[in-house]
2 protein chains.
Amino acid sequence: MQIGELARSTGVKIETIRYYEREQLLPVPQRTDGNYRLYSPRDVEQLRFICYCRSLDMSLEEVRLLIGVLDTPSGSCLTVNALLDEKIAEVDARVNELHKLQDQLRQLRGFCQQPDEVKTCGILMELNRSAGIDKAQI
Amino acid sequence: MQIGELARSTGVKIETIRYYEREQLLPVPQRTDGNYRLYSPRDVEQLRFICYCRSLDMSLEEVRLLIGVLDTPSGSCLTVNALLDEKIAEVDARVNELHKLQDQLRQLRGFCQQPDEVKTCGILMELNRSAGIDKAQI
DNA sequence: CCTTGACCCTGAAGCCACTTCAGGCTTTTC
DNA sequence: GAAAAGCCTGAAGTGGCTTCAGGGTCAAGG
């Protein structure tokens, strides 16, 4: 199949597929006489694997690592476990950060219920005040 | 004060300060005879304002917008309210996404409690299954 | 046979928010 | 007078793509 069909059947943009090839996440495909890329069902699977890993917030570097591990079936999967543990910790930390951010944003939003003039807008006043308080505290 | 002192008193790296200047988030500073940048207390405040906005996950473009609004005190703060509402919605959406991701990652992690061989590792098998691959068959 | 349009190719640049690097100038301190 | 600390510029690198410019290939229709 050509790149367009691969793109349609995985939902990945053509440019992204070519990018993954450059980044060595997909093998170099065969070519037609007209220099078109030719893919096999195996390539569809590999691309799906990449997408699924990406949907789990893994970096391309991490996906590359996983693909490498998969290619040595007799090795140990220790690195996979470590990778996942790290991911989980990262996501937990990010969620905590975002929860704090939610509180801050909602509180800030409460300072201006209806449109004011800029000079009396509670949000802008609070933004300035908070920036100044950080100054006093640090 | 020179750029080094501004950096120390705000915790912002020198390179980032110069970057903010290029990006027109900080005004073009005066210079000494030796071509060193000279900053005023006003600049410290503006840089702190930028940092605080960044800590609220605003883009530099959004900070630029806020600075612009602040510079016209008699204008309306409608755009500020809209900006915050949008931010809040964004963060809420991201938190929801990450919660789902947490579940997925923890579930996946459960598939391999102790180090296996790659070919029997539950995590890798599940990753493949979810993506629609079964490398064991290849 | 020719053209149109869909499809494909490459390499380079753009995005964001910085960071890093290479190479050089200024000022202070010993 | 020489080293060290501080500053300068412009360019390139980061990640994960996307977009762009300027082409080549191929099947169908006139």
Side-chain angles (χ1 to χ4, degrees), chain A residues 1-26 28-40 43 46-67 83 86-87 90-91 94 97 101, chain B residues 1-26 28-40 43 46-67 83 86-87 90-91 94 97 101:
Chain A
M1 76 178 66
Q2 291 181 183
I3 198 168
E5 198 187 332
L6 178 60
R8 269 189 302 279
S9 70
T10 56
V12 179
K13 287 193 178 181
I14 289 177
E15 296 81 7
T16 307
I17 295 173
R18 287 197 284 245
Y19 172 71
Y20 286 166
E21 181 185 329
R22 272 202 307 286
E23 293 297 307
Q24 317 206 46
L25 288 157
L26 288 173
V28 175
Q30 287 188 286
R31 299 278 182 145
T32 65
D33 289 349
N35 200 31
Y36 287 12
R37 286 171 178 82
L38 274 184
Y39 294 98
S40 70
D43 294 317
Q46 178 131 346
L47 184 50
R48 287 225 173 88
F49 179 80
I50 296 168
C51 290
Y52 183 59
C53 290
R54 292 286 301 133
S55 81
L56 296 176
D57 251 25
M58 293 182 196
S59 68
L60 294 188
E61 183 55 40
E62 288 165 338
V63 180
R64 227 187 319 262
L65 188 147
L66 283 184
I67 290 175
L83 176 56
E86 202 186 314
K87 272 292 121 188
E90 272 175 35
V91 174
R94 184 66 184 145
E97 272 177 29
L101 185 56
Chain B
M1 76 179 67
Q2 292 180 183
I3 198 167
E5 197 186 334
L6 178 60
R8 271 189 301 280
S9 70
T10 56
V12 178
K13 286 192 178 179
I14 289 177
E15 296 82 6
T16 306
I17 295 173
R18 288 197 282 246
Y19 171 71
Y20 285 166
E21 181 185 328
R22 273 201 305 286
E23 293 296 308
Q24 316 206 47
L25 288 157
L26 289 173
V28 175
Q30 286 188 284
R31 299 277 183 146
T32 64
D33 289 351
N35 200 32
Y36 285 13
R37 287 170 177 82
L38 273 184
Y39 294 97
S40 69
D43 295 317
Q46 178 129 347
L47 183 50
R48 286 225 168 85
F49 179 81
I50 296 168
C51 291
Y52 183 60
C53 290
R54 292 286 301 134
S55 80
L56 295 176
D57 251 25
M58 293 182 195
S59 69
L60 293 188
E61 182 54 41
E62 289 165 336
V63 179
R64 227 188 319 261
L65 188 148
L66 284 185
I67 290 175
L83 176 56
E86 201 186 315
K87 273 291 122 188
E90 271 174 35
V91 174
R94 184 65 183 146
E97 270 177 30
L101 185 55

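No hydrogens, no waters, no symmetry mates; every other heavy atom, side chains included, goes into these values. In what follows, every chain begins at residue 1, and chains take the letters A, B, ... in the order their sequences are listed.
- Looking at which nucleotide of DNA chain D each of A:M58 and B:Q2 is closest to, the 5′-most match is held by B:Q2.
- In the displayed structure, A:E23 atom CD is contacted under 6.0 Å by more than 12 heavy atoms of other residues, nucleotides or ligands.
- Each of A:G34 and B:R64 has a nearest nucleotide on DNA chain C; the 5'-most of these lies closest to A:G34.
- With C:dC8, D:dC17, D:dC7 as the choices, the nucleotide that has an atom nearest any side-chain atom of A:I3 turns out to be C:dC8.
- Of the listed nucleotides (D:dT9, C:dC18, C:dC9), C:dC9 has the atom at the smallest distance from the side chain of A:R37.
- In this structure, B:K87 contributes its side chain and B:D57 its backbone to a donor-acceptor pair below 3.5 Å.
- Side-chain proximity of A:R54 to the nucleotides D:dG16, C:dC18, C:dC9 is greatest for D:dG16.
- Nearest nucleotide to the B:K13 side chain, out of C:dT20, D:dC8, D:dT18: C:dT20.
- The residue among B:N35 and A:E61 whose nearest nucleotide of DNA chain D is located toward the 5' end is B:N35.
- Side-chain proximity of A:I14 to D:dC17, C:dC8, D:dG16: nearest is C:dC8.
- A close approach under 4.0 Å does not occur between any side-chain nitrogen or oxygen of B:T16 and OP1 or OP2 of C:dA17.
- Mapped onto DNA chain C by nearest heavy atom, A:G4 and B:Y19 fall at different nucleotides, with A:G4 at the one closer to the 5' end.
- No hydrogens or angles were tested; on distance alone, nothing pairs the side chain of B:Y36 with the base of D:dC8 as donor and acceptor under 3.5 Å.
- Remark: P of D:dG15 and CD of A:Q24 are 14 Å apart, rounded to the nearest angstrom.
- Listed candidates were C:dC9, D:dC8, D:dT19. Nearest to the side chain of A:E15 is D:dT19.
- Residues A:Y19 and A:L60 are in side-chain contact: their nearest non-hydrogen atoms beyond the backbone lie under 4.5 Å apart.
- As a whole-Å value, the separation of B:R22 CZ from D:dG10 P is 9 Å.
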Worked verdict on A:Q46 versus A:I67 for side-chain contact (heavy atoms from CB on, under 4.5 Å): CA-CA 9 Å; A:Q46 178 131 346; A:I67 290 175; 3.5 Å; yes
